[in-house]
Amino acid sequence: MSTLQKLLHDIKAAPPGPGIAAIFDFDGTIIAGYSATSFIREQVRRGDLTPRQLAEILGAMTSFGLGNLGFSGMMAVNAQFMRGIEENTYKEVGEKLYSKQIARLIYPESRALVEAHLARGHTVAIISSATPYQVEPAAADLGIEHVLCSHLEVADGKFTGSAVKPLCFGQGKVDAAEDLAKRNGCHLEHSFFYSDSADDLLLLERVGYPRVLNPNGKLEKIAAQKGWPVARFGSRGRPGIGQYVRSVAATSSLVGSFVAGLPILALTGSRRDSQNFSFSLFADTASALIGMNLNVHGEEHLWSHRPAVFIFNHQSKADVIIIAKLLRRDIAGVGKQEIKKETPVLGKVLELGGVVFIDRANARSAIDSMTPLVDAMKTQGKSVVLAPEGTRTVSPRLAPFKKGAFHLAMQAGVPLVPIVIRNAGDVAPKGDFVFRAATVDVEVLPPVDTSAWRVADIDKHVREVRNMFARTLGQPEEEAGDTPRGAETANSGRGARGKSKTGAKAKTGTKAKIKTRAKVKAPGKPKAKPKAKPKAKPKAKSKISPAAKAKAKRAKKVAGGKSSAGKTAAKGRPASKQQARRTKSAITGTGAAKRKKPAGTGRKPGG
C-alpha cells in the first residue's frame with residue numbers, strides 16, 4: 001500500500017512542464033462517493049422528477065452497477081427526464097450543490113496531489129463520465145483548467161432529453177486523454193492517471209504512471225497483479241461510530257470546561273482567571289479528543305504584542321479549537337447572533353466567556369455591538385480574535401475580507417496579527433459535523449502596525465493584509481482596483497474555470513431579476529398608513545369637479561398594476577427621497593436575501 005508522501009515524491013521526481021499530463025477521475029478519486037447522488041436528491045426536491053421517474057433512474061443505476069446495463073443505457077434513462085429544462089438552471093444548481101454539499105467531499109490528499117502537479121507545471125485535467133454541471137465547479141476550486149466529460153444535448157438553451165455521443169466512458173476516456181495530449185503537447189507514456197474504478201482500466205493501461213486511489217475490490221486485485229501503486233484515503237467518506245462519539249465529546253467539552261472554571265470564580269472572585277482556565281482547558285481537551293495536532297511557525301508573534309487584534313482565515317468549525325490552542329488566555333471574540341438561537345446553552349457559555357455576538361445582517365448594530373471590545377483592549381489589556389471573511393469558506397481559497405477587524409484595531413490603537421491556517425478543512429470541512437484526526441499547519445505572521453493608518457485608506461490596508469494571507473497560502477494576490485472574489489470563484493479563468501464563471505454570471509442575472517421584482521412590490525410595506533384614511537382629507541374629494549374625477553380615475557387605472565407606493569403617489573402624496581432610499585435599502589438587503597434562495601434552486605421565470 002502506497003502513501004500520500006510516496007505519491008508526492010513521485011510527482012516531484014517527474015520532469016517539470018506541460019509535457020507531463022496529470023489526469024484525475026472525479027467520483028471516488030477526487031471526491032468521496034458520487035456527485036450524481038446529490039444531483040438526484042436536488043432533482044427530487046425541485047420537483048423535476050416524479051416518484052415513478054426516480055424509481056426508473058435508481059433501477060437503471062442498480063442495473064449498471066450489477067453489469068446488466070451499459071453506461072450509455074444508464075445515461076439515456078437519466079437524460080430523458082431532463083428534457084425541456086434550461087441548461088443555465090443546472091449550471092446554477094451545480095454551483096449551489098458544490099458549495100453546499102460536494103466541496104466538503106473532496107479528499108485533502110487529492111487536493112494535495114493536484115497542487116503538487118500544478119506546482120510542477122504539469123497539464124492537469126479531470127476526465128470523468130459525469131456531466132460538466134457536476135465537475136466544473138470543483139475544477140474551478142482546485143485550479144484545474146481542463147475538464148473532459150460526458151455532455152447532455154442542448155438545443156435553444158434547453159436539454160433535449162438525449163446525451164451527446166460518444167460518452168466519456170471506457171474507450172471514450174482514452175480518446176479524451178489522447179485529444180488532451182495532442183492539444184497540449186503531452187506524452188501519455190510519461191503521464192499520470194488517478195482512478196478508483198476498474199471501468200477506467202483502459203486509460204490506466206494507456207499512461208506511463210497509473211495510480212490507484214480508494215479502489216473497488218476488482219481494481220485492487222488488478223493493481224496488485226500489475227504492480228501499480230495503491231493508496232487509500234480515510235479523511236472523507238462515512239465516519240465511524242467512534243468519530244461521532246469523539247466529535248460530540250469535543251463539542252460538549254466547551255460546557256464542561258466552563259463549569260470547571262466556576263470554582264476559581266467562586267473562590268477568587270476573578271472572572272478573568274476563571275475564563276482563562278476554562279479557555280485553556282477547552283483547547284487541550286477538545287484537541288486531544290479529536291486527535292488534532294498543530295504544526296505552528298512564527299509562534300513568537302502570538303505573544304510579542306498584546307493586546308492585539310488577531311485575524312484568521314476561516315475554513316472550519318475546528319478553527320475555534322485551533323485559535324483557543326494558540327491564544328490560550330486574555331481573549332475576547334466575536335460570534336454570529338445565530339449561535340444563541342441554534343444552541344442556546346453553547347451561546348450562553350460563549351457569552352459568559354467574553355464572546356460578543358453580532359447581527360451580520362445589520363451593519364450598524366454589529367458596529368455598536370463591538371464597542372465593548374475596544375474598551376476591553378484599552379482598559380483590560382485583552383486581545384480580540386476575528387475572522388475577517390465573516391463566515392467559513394468551502395475550501396482553502398480566501399474570500400473577500402470585511403473591514404470590522406481593521407476598524408477595531410485602529411480604534412483601540414493595537415496591532416493586527418495575521419494567523420494563516422492552511423488546512424483546517426482536513427479536520428472538519430464546512431457542513432460536516434464530525435471532526436477527524438489531522439495535523440493542521442499554521443503560520444503566524446509578524447504583527448502589523450496600525451498606528452499610522454487612516455480611515456480614508458482602509459481599503460488599501462485591507463488589501464495589503466489579505467495579500468499577506470494570499471502569499472502565504474500560494475494564492476493569487478489582489479491588485480489595487482480589483483474586486484475581491486469569493487472562495488468559489490477565486491480561481492476562475494480559462495477552460496473549466498471560464499465556464500464556471502459564466503454560470504456565476506447567469507446566477508447574478510437571476511438575482512438582478514429578483515431585485516427588480518422586489519422593487520415593484522416592496523414599497524407596499526407602507527400599507528399600514530392607509531389606516532388613516534377616515535381622516536378629514538378624503539372628505540375634500542367631494543369638492544372635485546366631475547371632469548377632474550374622471551381624469552383621476554383614468555390615472556388610477558394606469559397605475560393600477562403598480563405598488564402601493566404608486567397608489568400613494570397618484571393620490572398626490574409622493575414619498576420623500578430619504579424615505580425612498582430607506583425603502584430601497586430594505587429591498588436590496590433583507591428583502592432580497594429572503595427571495596434569493598428560489599433563484600438558485602427553481603427554474604427561471606418562463607422556463
[X] side chain to [Y] main-chain N or O, any donor-acceptor pair under 3.5 Å?
X: Gln225; Y: Ile222; value: no
X: Asp200; Y: Leu203; value: no
X: Gln315; Y: Ile421; value: yes
X: Gln475; Y: Leu398; value: yes
X: Arg466; Y: Glu478; value: no
X: Ser316; Y: Ala428; value: yes
X: Glu389; Y: Ala399; value: yes
X: Ser247; Y: Phe435; value: yes
X: Arg422; Y: Leu473; value: no
X: Asn78; Y: Ile57; value: no

Open item on the list: Determine whether Leu213 and Leu113 satisfy the following criterion, side-chain contact (heavy atoms from CB on, under 4.5 Å), listing intermediate values before the conclusion.
Closed with: CA-CA 11 Å; Leu213 306 182; Leu113 294 172; 4.1 Å; yes
TODO: If a pair satisfies ring-ring contact (aromatic ring centres under 6.0 Å, His included) and one of its residues is in residues 195-219, list it, with sequence neighbours excluded.
DONE: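 Every pair satisfying ring-ring contact (aromatic ring centres under 6.0 Å, His included) with a residue in residues 195-219: Phe192-Tyr209.
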For [X], which residues count as a side-chain contact (heavy atoms from CB on, under 4.5 Å) partner, sequence neighbours excluded?
X: Asp175; answer: Gln171, Glu178
X: Val154; answer: Glu87, Tyr133, Phe159
X: Leu445; answer: Pro418, Val420, Glu443, Met468, Thr472
X: Val164; answer: His151, Glu153

Can you confirm whether [X] sits close enough to [Y] that some side-chain heavy atom of one is under 4.5 Å from a side-chain heavy atom of the other?
X: Met75; Y: Ser150; answer: yes
X: Glu42; Y: Lys96; answer: yes
X: Leu327; Y: Leu302; answer: yes
X: Thr439; Y: Asn423; answer: no

Open item on the list: Let's go through Arg46 and Val93 carefully: what are the C-alpha distance in whole Å and the side-chain angles of both, what is the deciding distance for side-chain contact (heavy atoms from CB on, under 4.5 Å) to 0.1 Å, and is it a yes or a no?
Closed with: CA-CA 10 Å; Arg46 286 162 43 86; Val93 168; 4.0 Å; yes
TODO: Compare every heavy atom of Arg236 with every heavy atom of Asp426, then report the nearest pair and how far apart it is.
DONE: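 Closest approach of Asp426 to Arg236, heavy atoms only: O-NH1, 3.6 Å.
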TODO: Of all the heavy-atom pairs spanning Val417 and His301, show the shortest one and how long it is.
DONE: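 So the minimum-distance heavy-atom pair works out to CG1-O, 3.9 Å.
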Task: Of all pairs that satisfy salt bridge (Lys or Arg N to Asp or Glu O under 4.0 Å), the ones with a partner from residues 11-31, not counting sequence neighbours - done: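 Listed once each, the pairs are Asp25-Lys173.
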TODO: Enumerate the residue pairs fulfilling salt bridge (Lys or Arg N to Asp or Glu O under 4.0 Å) with a member in residues 315-326, sequence neighbours excluded, ordered by first and then second residue.
DONE: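 Residue pairs passing salt bridge (Lys or Arg N to Asp or Glu O under 4.0 Å), neighbours aside: Asp284-Lys325.
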Task: Set of residues satisfying side chain to side chain donor-acceptor pair (under 3.5 Å) with respect to Ser235, sequence neighbours excluded - done: Glu109
Task: Ser197: side chain to side chain donor-acceptor pair (under 3.5 Å) partners, not counting sequence neighbours - done: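 In terms of side chain to side chain donor-acceptor pair (under 3.5 Å), with neighbours along the sequence ignored, Ser197 is linked to Asp199.
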Under the rule for ring-ring contact (aromatic ring centres under 6.0 Å, His included), what residues qualify as partners of [X], not counting sequence neighbours?
X: Tyr194; answer: Phe24, His117
X: Tyr107; answer: Phe233
X: His314; answer: Phe312

Rounded to the nearest 0.5 Å, what separation is found between the [atom1] atom of [X] and the [atom2] atom of [Y]?
X: Ser191; Y: Asn184; atom1: OG; atom2: CG; value: 10.5 Å
X: Ser129; Y: Leu148; atom1: OG; atom2: CG; value: 12.5 Å
X: Glu189; Y: Arg206; atom1: CD; atom2: CZ; value: 6.5 Å

Open item on the list: salt bridge (Lys or Arg N to Asp or Glu O under 4.0 Å), that's the test. Do Asp141 and Arg111 meet it? Break it down for me.
Closed with: CA-CA 10 Å; Asp141 180 31; Arg111 186 185 289 275; 3.2 Å; yes
TODO: Can you establish whether the number of heavy atoms outside Leu66 located under 6.0 Å from its atom CG is more than 12?
DONE: yes
Open item on the list: Hydrogens and angles aside, do Gln134 and Thr131 bring a side-chain donor and acceptor to less than 3.5 Å of each other?
Closed with: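 Side-chain D/A pair, Gln134 to Thr131: present.
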Open item on the list: My understanding is that only one of Ile106, Ile126, Ile144 makes a side chain to side chain contact (heavy atoms under 4.5 Å, CB included) with Val114; could you say which?
Closed with: Ile144
